[in-house]
Number of protein chains: 2
Amino acid sequence: MTVPKPSLELVRNVTDEHILRALMRHRRMTRAELAVETGLSKPTAGESVRRLVAAGLVADSGERTAGGRGRGRVGSYYTLAGGDRTAWAISIAPGGVVAEAVDVYGETAGRAEEDAGRTASSDQVATALRAVAERLAAASGPAELAVVSAADPVDRATGRLVHLPDAPFLVGDLDPAEVLAPYVAGEVTVDNDVNWAARAELAARPGSDTFAYLYLGEGLGCAIVSDGRVLRGRHGLAGEIAHLTTAGPGGGATPLIEVFGLLGLRRPGSTAIDVDRLLAAATGTGPRAAGVRAALGEAVRGALTAITSLADPDHIIVGGPWGQDPAILTALRDAAARHPRGPVLCPATVPAPSFAGVRADALTRLRDGVIAAPR
Amino acid sequence: MTVPKPSLELVRNVTDEHILRALMRHRRMTRAELAVETGLSKPTAGESVRRLVAAGLVADSGERTAGGRGRGRVGSYYTLAGGDRTAWAISIAPGGVVAEAVDVYGETAGRAEEDAGRTASSDQVATALRAVAERLAAASGPAELAVVSAADPVDRATGRLVHLPDAPFLVGDLDPAEVLAPYVAGEVTVDNDVNWAARAELAARPGSDTFAYLYLGEGLGCAIVSDGRVLRGRHGLAGEIAHLTTAGPGGGATPLIEVFGLLGLRRPGSTAIDVDRLLAAATGTGPRAAGVRAALGEAVRGALTAITSLADPDHIIVGGPWGQDPAILTALRDAAARHPRGPVLCPATVPAPSFAGVRADALTRLRDGVIAAPR
DNA sequence: GATTCTAATCAGGACCCTTGCCTGGAAAGG
DNA sequence: CCTTTCCAGGCAAGGGTCCTGATTAGAATC
């Protein structure tokens, strides 16, 4: 039964939710201001505040109105009781860890970063994550919950980073939830960085809710957003395109990731793409660079075709260090134009997109947690 | 603002919805039975019935309880006032048109079929559709709404069948909504038959909400279901896999649909696959048939890889006249096993799946229309 | 000190749901 | 034939929630 039982509790909860969300937007408000903000009557708003104070979700801040405002009776400012609780937004990449603590008002309550060097082992990354959590906990207390972006495929059920055979594995073997457990009271949500980037672009472009996000960097990734939802798949591995069949340099059917091996653009002793070498080889005006760009275009075209065929996006956002390079992007556009339903490619717009995505989700979850609190 | 304004009207609407849905499940009920069924109190249920009768949504059927039931006071049986209104579920395929009228109770109020011959033109199909609508309207009155399955790609915005370049186009140029307009009062919903088949499989397998459906017949189609939702894409063309890059008979990168041309398995003068010839060529024990099966397996493997990479389904359901052939399915399984994240293939289980899908959707929409009626 | 202005509260009324009790009417049993 | 049993339906009271409109409380201004 999807429809709730009719009851007055239902409508009361709706009222309380309006009050709580208004306090999230404005930090401190009097009963009268709350009534105006929510559109409720003054007595109703006042009664809801009384309930919420009794439940411990809202507190009289002690501050009084007056002082320059009007000359009327002093009003009491109310605030959320758990206003100092925070959610953590964390980005884990091979280069290091970035974390921010956000409060229910959406403000940053703390920030910590830890460099891990370009070729860090998974142990080093775990250590960096632990150090960041330690500092953040010291600065702004433990977290209610954490939302994590990782530069590797993430198992949806466990939140662990997983290694797909022969695909780039950048951060390495890691269970963020386990590392963060001492510092986080509630749930730790983990997802792939490309999915978070796609969610950030989704939030940044209202009215555009069906697109794909193609990430071209050390690793290859793709996120599909359809009707405002990110496709995750059974194991959370949707968009792991390394093994997609495409056209290799010789025209033969080749898995996408192997094309970079054939072109000599994978980092030696690693599964990752060597971005620096790729940029050096593919940019410039010579015929050799043009040849590399054409080969990359052909290879990526297979991925674009698959995305277009299966997901029918309105456009494909291309992000990542070499995908956004102007010369390469042009080569990709040329290749895409040779397909009947060639997609529109556009560069990513949100800076630090995956971090923006986790941060927004952390805030949403923190706020929803307050609304869902028993009362 | 996603949360509704708190009001008592909200809770009253919830009550009325419970009463209406109970009457959809049980056809006729007394006030007392409704109270038990909905979990509401007798006065509340009775009051809701009074409101709904006044609004014309519910009617006293005239029937009285008594007669064998208990020995108590006679009760009045109430029924939905619009119980004779119907929604149409229609399947349009090159072979012909099948349509059913369903009422709010989920029962079939009428059925009509019209054969159109194997190689019907789009005009002939339109004529068949009109004839079916005519007969259905004569038998059970005009429809509140219609839900249509078509064996071609469907433009999401307009509901028209669209012709993608060089892809099979089976039914032909047709706007079902226009043909049905004289017979249908409300909305005409059109979608691809493979999407409907996937929705039917989704309903048939509770607990399994992330899979793909691959249709292998005269046309090629694919539906992706993730977290219980069918991926439709910007134009409704998600899953149109004809141009997917795959491995051709010679090992070169080839669009999927062209493989059938290279193998000589497309119907002459048409863009469709010749299923009979394909089955004749690919089944049997000789080495030639095994070779064809291997080529088909390699070609389809590209599609399976793309689906697995992009959508990460739990399993891939294979349907369609030649996809379900045991020998071919075995060849597909062999090919899939050569992929690192090789998907589990299983044959379709729902008979007449796309019709089951439209029928269920028509019923849902008809019922939702009753609930949403002004009162 | 009177006036003005605003926050908070009070009073009254309209709904909506629930529990509990009562009424009407028909079958079953003596 | 009369009484008992049983059940649909209705009535009344009580608890909640919301709203409008009026009133009180307290501080700044004149």
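The sequence lines fix the lettering, A, B, ..., with proteins before strands; numbering per chain opens at 1.
Using a cut-off of 4.0 Å between Lys/Arg side-chain N and Asp/Glu carboxylate O, B:Asp314 and B:Arg205 are scored as not salt-bridged.
Closest approach to the B:Arg51 side chain among D:dT17, C:dA8, C:dC17 is made by C:dC17 (side chain taken as heavy atoms from C-beta onward). Nearest to the side chain of A:Ser41, among D:dG16, D:dC19, D:dA8, sits D:dC19.
Residues meeting the side chain to side chain contact (heavy atoms under 4.5 Å, CB included) test with B:Thr364, sequence neighbours left out: B:Asp368. A:Arg50 is linked by a salt bridge (Lys or Arg N to Asp or Glu O under 4.0 Å) to A:Glu47, counting only residues two or more places apart in sequence or in another chain. Legend: residues meeting salt bridge (Lys or Arg N to Asp or Glu O under 4.0 Å) with A:Asp16, ordered by chain and number and at least two apart, are A:Arg51, A:Arg375. Residues meeting the side chain to side chain contact (heavy atoms under 4.5 Å, CB included) test with A:Asp361, sequence neighbours left out: A:Val147, A:Trp196, A:Arg365. In this structure A:Asp60 satisfies the salt bridge (Lys or Arg N to Asp or Glu O under 4.0 Å) test together with A:Arg64, sequence neighbours excluded. Taking the side-chain hydrogen bond (donor to acceptor under 3.5 Å, both in side chains) definition, one finds that A:Thr44 meets it with A:Ser41, sequence neighbours left out. For the salt bridge (Lys or Arg N to Asp or Glu O under 4.0 Å) test, residues two or more places apart in sequence or in another chain that qualify with B:Arg232 are B:Asp191.
OP1 or OP2 of C:dT9 lies within a sub-4.0 Å distance of a side-chain N or O belonging to A:Arg31. Between B:Thr15 and C:dC17 there is a side-chain polar atom (N or O) within less than 4.0 angstrom of OP1 or OP2.
One atom, CG of A:Leu40, and another, C1' of C:dT9, lie 17 Å apart when rounded to the nearest Å. Taking atom CD of A:Glu47 as the reference point, atom P of C:dC10 lies 11 Å away to the nearest angstrom. One can place CG of B:Asn13 at 10 Å from P of C:dC17, the figure rounded to the nearest angstrom. Atoms CG (A:Asp16) and P (D:dG16) sit 15 Å apart, rounded to a whole Å. D:dC18 atom P lies 12 Å from atom CD of A:Glu9, rounded to whole Å. Computed from coordinates, the A:His18 NE2 to D:dC18 C1' distance equals 14 Å when rounded to whole Å. The separation between B:Leu34 atom CG and D:dG9 atom C1' is 13 Å, rounded to whole Å. Per the geometry, CZ belonging to A:Arg50 stands 14 Å off C1' belonging to C:dA8, to the nearest Å.
At its two ends the helix from C:dG1-D:dC30 to C:dG30-D:dC1 runs along axes set 30° apart, each axis drawn from five pairs and the angle rounded to 10°.
To the nearest 0.5 Å, atom CD of residue B:Glu37 and atom CZ of residue B:Arg21 are 13.0 Å apart.
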N/O contacts under 3.5 Å, protein versus nucleotides 20-25 of chain C?
residue	atom	partner	partner atom	Å
C:dG24	N2	B:Arg73	N	3.4
C:dG25	N2	B:Arg73	N	2.7

